[in-house]
Asker: 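Below is a structure I'd like to ask you about.
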Protein chains: 2
Amino acid sequence: MNIGETAEKSGLPAKTIRYYEDIGLIAPLRSANGYRDFGAADLHKLAFIARARALGFSIEDCRSLLALYEDAGRASADVKRIAQEHLGRIEEKIAQLQSMQDTLSDLVQACCGDHRPDCPILGDLAGALTRKI
Amino acid sequence: MNIGETAEKSGLPAKTIRYYEDIGLIAPLRSANGYRDFGAADLHKLAFIARARALGFSIEDCRSLLALYEDAGRASADVKRIAQEHLGRIEEKIAQLQSMQDTLSDLVQACCGDHRPDCPILGDLAGALTRKI
DNA sequence: TATTGACCTTCCCACGACTGGAAGGACTAT
DNA sequence: ATAGTCCTTCCAGTCGTGGGAAGGTCAATA
């Protein structure tokens, strides 16, 4: 299977698949003409990675998860730990964003948004120094 | 005021301040010895930017907001629009992360995390192709 | 006066995870 | 033979810094 077909079936851009080979996540065979030749196992791996990426796992997490997936003697605790750490980072990020959202939605509400220059949003930003941020 | 003092007062690393000069956000004077010489207005701008960055605005948003801040004839509608667009992106990002969080916390809960290899987390990732992701 | 040590300068490289594009070879259909 | 599509490699760019090298400047001390 050439890279084009593989890209279509895995849902990943061909560029991304080449990149994954570069960094050693996958290792497709090569045809006589130099083209990459993907097998079912490669496609499976790519779909695995795509799903993990969609859940926000980093490439290095993906590498670890793939290794665990292929290790029949793994302990599920190792997988769970990676997922829990990732979940923690996600929760942290959500909290950060919600804090921004809270402040911003207050400011946006307070701004009448007309032709006049007075604006509590700019007021907040400009007051940063006085408030020591 | 040298860059070190400015960094301390603005809460921004000196590296970051130099970068902001590079991309034209600020334009401090230079002393005879070649050192940057920051005035009160520069410090004010930097604090403004730091606050905007803390609220998640992109550098380009910061550039626009600074320009509006310095334009006495601005319309608050222009500021509000930038803030609202940014707020929209934040809400989108939060929704994405929450969707990941939902899935991941379910999976983590379902994984008993012991010495055995069976793991619903890996099961989910591996099933990506079958489910067409 | 000489010499530390702290500060400043510019420059280039690295990060994460791709993405775009150029230059050129391979294959298929007309 | 030619056109068009696919494939290859390689290089550069993204965003907002952070790290570090090589070298100039300044204030304080021996």
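Chain letters run A, B, ... following the sequence lines, proteins first and then strands; every chain starts at 1.
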Asker: Mark yes or no for whether B:H86, through its side chain, and A:L104, through its backbone, hold a donor-acceptor pair below 3.5 Å.
Answerer: no

Asker: How many Å lie between CG on B:D22 and P on D:dG18, as a whole number?
Answerer: 14 Å

Asker: Can you figure out which of D:dT8, C:dT9, D:dC10 approaches the side chain of B:I3 most closely?
Answerer: C:dT9

Asker: List for me each residue that meets salt bridge (Lys or Arg N to Asp or Glu O under 4.0 Å) alongside A:E92, sequence neighbours excluded, and say none if there are none.
Answerer: none

Asker: Give me the bend of the helix from C:dT1-D:dA30 to C:dT30-D:dA1, using the axes of the five pairs at each end, rounded to 10°.
Answerer: 30°

Asker: Salt bridge (Lys or Arg N to Asp or Glu O under 4.0 Å) with B:D106: which residues, sequence neighbours excluded?
Answerer: none

Asker: Going by an N to O cut-off under 4.0 Å, is there a salt bridge joining A:D118 and A:R116?
Answerer: no

Asker: Report the distance from atom CG of B:N2 to atom P of D:dA27, rounded to the nearest whole Å.
Answerer: 10 Å

Asker: Restricting to pairs with a member in residues 63-76 of chain A, which pass salt bridge (Lys or Arg N to Asp or Glu O under 4.0 Å), not counting sequence neighbours?
Answerer: A:K45-A:E70, A:E60-A:R63

Asker: Sugar-phosphate atoms are those with a prime plus P, OP1 and OP2; base atoms are the rest. Using that split, label each nucleotide of nucleotides 23-29 of chain C B, S or - for protein heavy atoms under 4.0 Å, 5' to 3'.
Answerer: --BBS--

Asker: Over how many whole Å does the gap from A:R63 atom CZ to C:dG16 atom C1' extend?
Answerer: 13 Å

Asker: To the nearest angstrom, how far is B:R36 atom CZ from D:dG24 atom P?
Answerer: 17 Å

Asker: Let me know the distance between CD of B:E8 and C1' of C:dC7, rounded to the nearest Å.
Answerer: 13 Å

Asker: For A:R18 and C:dT19, what is the distance between atoms CZ and P respectively, to the nearest whole Å?
Answerer: 13 Å

Asker: Which sits closer to the 5' end of DNA chain D, B:K15 or A:E5, going by the nucleotide each is nearest to?
Answerer: A:E5

Asker: Side-chain contact test, heavy atoms from C-beta onward, threshold under 4.5 Å: evaluate it for B:F57 versus B:L65 and give yes or no.
Answerer: yes

Asker: B:H115: what forms a side-chain contact (heavy atoms from CB on, under 4.5 Å) with it, not counting sequence neighbours?
Answerer: none

Asker: Say whether B:L25 and B:Y19 are linked into one hydrophobic cluster, either directly or through other cluster members, by side-chain heavy-atom distances under 4.5 angstrom.
Answerer: yes

Asker: Please enumerate all protein N or O atoms sitting under 3.5 Å from an N or O of nucleotides 13-15 of chain D, with distances to 0.1 Å.
Answerer:
none

Asker: Under 4.0 Å from any atom of DNA chain D, heavy atoms only: list the residues of residues 84-104 of chain B that qualify, in numerical order.
Answerer: none

Asker: Examine D:dG18: is either OP1 or OP2 under 4.0 Å from a nitrogen or oxygen in the side chain of B:T16? Give yes or no.
Answerer: yes

Asker: Using side-chain contact (heavy atoms from CB on, under 4.5 Å) as the criterion, list what pairs up with B:R53, not counting sequence neighbours.
Answerer: B:Y20, B:I49, B:I59, B:C62

Asker: Show which side-chain atoms of residues 36-43 of chain B pair as donor or acceptor with protein atoms under 3.5 Å away, not counting sequence neighbours.
Answerer:
| residue | atom | partner | partner atom | Å |
| --- | --- | --- | --- | --- |
| B:R36 | NE | B:E21 | OE1 | 2.4 |
| B:R36 | NH2 | B:E21 | OE1 | 3.2 |
| B:D37 | OD1 | B:M1 | N | 2.8 |
| B:D42 | OD2 | B:G39 | N | 3.0 |

Asker: Keeping B:N2 on the side-chain end and B:G4 on the backbone end, is there a donor-acceptor pair under 3.5 Å?
Answerer: no

Asker: In whole angstrom, what separates A:F38's CZ from D:dC7's P?
Answerer: 9 Å

Asker: Go through the structure and list residues passing salt bridge (Lys or Arg N to Asp or Glu O under 4.0 Å) with A:D78, not counting sequence neighbours.
Answerer: none

Asker: Could you tell me the separation between the CD1 atom of A:I17 and the P atom of C:dC18, rounded to a whole number of Å?
Answerer: 11 Å

Asker: Should A:L55 and B:D124 count as side-chain neighbours, where that means a heavy-atom distance under 4.5 Å?
Answerer: yes

Asker: Where each residue is assigned the nucleotide of DNA chain C containing its nearest heavy atom, which of A:F57 and B:R30 is assigned the position nearer the 5′ end?
Answerer: B:R30

Asker: Please enumerate all residues that pass salt bridge (Lys or Arg N to Asp or Glu O under 4.0 Å) together with A:E5, with sequence neighbours excluded.
Answerer: A:K9

